[in-house]
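The first residue of the sequence shown is numbered 1, and numbering continues consecutively from there. Hydrogens, waters and symmetry mates are skipped; everything else that's a heavy atom, side chains included, is used. What you see is a predicted model; the values in this text were computed from it and never measured.
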Amino acid sequence: MRGARAADALPDRRVALPGRRVAAVSLVALAALATGCEPGTATGAQDAPPPARPTQAAAPSPTAPVTEDAKPRTAPPPSPSASTAAPAPSPDPTTARPAPEPSTAPPPRVLMRTGSESDRVRELQARLRQIGHFGRNPTGYYGSVTADAVRSFQAKRSLPVTGSTDEVTWGRLLAMTRVPKAAELRPPTERPLAAPDERCLKGRVLCISKNSRTLAWMIDGKVVSAMDVRFGSEYTPTREGVFEVFWKSRDHVSTLYDTPMPYALFFSGGQAVHYSADFAANGYGGASHGCVNVRDKKKVAALFGQVRTGDKVVVYW
């Protein structure tokens, strides 16, 4: 019997050994969970599903080492959501301003503009010159220089910048300036005359100096009148030499350039002494196509009345 019992007991021991191994593995798994570390795959247990992570982090054991992943993080303050944010105040319909209605007032009447020519334009230029907006002698012709001066005046006074002189611009200018004197309206326009060429000393001669840019109307060596002139450019130069007036045309218009040439005194082909509105407006900033331009209209009109066909013309340096 004793031998049989011993033999019967042997299988019990063999059965008990695997149970102890299972118990030991369970204790190791529980110890691993207590540290907060993610468990790795145990050898011989590949078919066992991994334990599910807890939804809330368990407080670390006082004796277990605290890892970086287990440090408590400070949660950021909740941002206001669209549902909790206070709605923007809507404008009160009773205080909303109505859209401004477009102005129906007519624009101020234009008194002078580019191309105008009158004594009032001369006064405009003289008044603009008094307050530093026009740096030339008045000519009575409203050209680009005058338009630029008016724009400068309008811009400085916060007026609509048009370059034309309307009633508002004219009224503001009158209030800021005084009545121009006669010498301001019609200052001498002659440049210093050069010594006349010896060919100008006898007879009736239009003595024209390119050096001084002047024309002297001379009779027997005496100057009757003088005026500023300008000439052609380097591409259309005014011819030099001795000529004579062969044709007078009071209201001439150039057929080649479609340009007015009032009081034209032709002396060499299509070249003539005549009034130039562009010269009056822009001064020596431009040039002619070969003619001798005069910017003083009254002086060249008087000259046109005195010069006769056949009178001599001398153009020299």
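Contact between I208 and F231 at its shortest, heavy atoms only, is CG2-CE2, 3.5 Å. Closest non-hydrogen pair, C200 versus Y316, comes out as SG-CE2, 4.4 Å. In terms of heavy atoms, S164 sits closest to Q154 at O-NE2, 3.0 Å.
Proximity of a side-chain donor or acceptor of R122 to a complementary backbone N or O of T139 within less than 3.5 Å is detected. The closest donor-acceptor contact from the side chain of Q130 to the backbone of V179 lies at 3.5 Å or more, if one exists at all. A side-chain donor-acceptor contact under 3.5 Å links Y284 to the backbone of V229. For R136 (side chain) and T146 (main-chain N/O), no donor-acceptor pair under 3.5 Å exists by modelled atom type. In this structure, the side chain of T214 does not engage the main chain of M227 through any donor-acceptor pair within 3.5 Å.
Under a 4.0 Å N-O distance rule, the pair D119/R186 qualifies as a salt bridge. In this structure, K210 pairs ionically with E240, as a charged nitrogen and a carboxylate oxygen lie closer than 4.0 Å. Between D311 and K248, none of the side-chain N atoms (NZ, or NE/NH1/NH2) sits under 4.0 Å from a carboxylate O, so this pair counts as no salt bridge.
Residue W217 is tested with V273, V205, V307, V223 for a side chain to side chain contact (heavy atoms under 4.5 Å, CB included); the sole match is V307.
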Worked verdict on W170 versus E123 for side-chain contact (heavy atoms from CB on, under 4.5 Å)
CA-CA 11 Å; W170 182 242; E123 181 183 355; 4.0 Å; yes

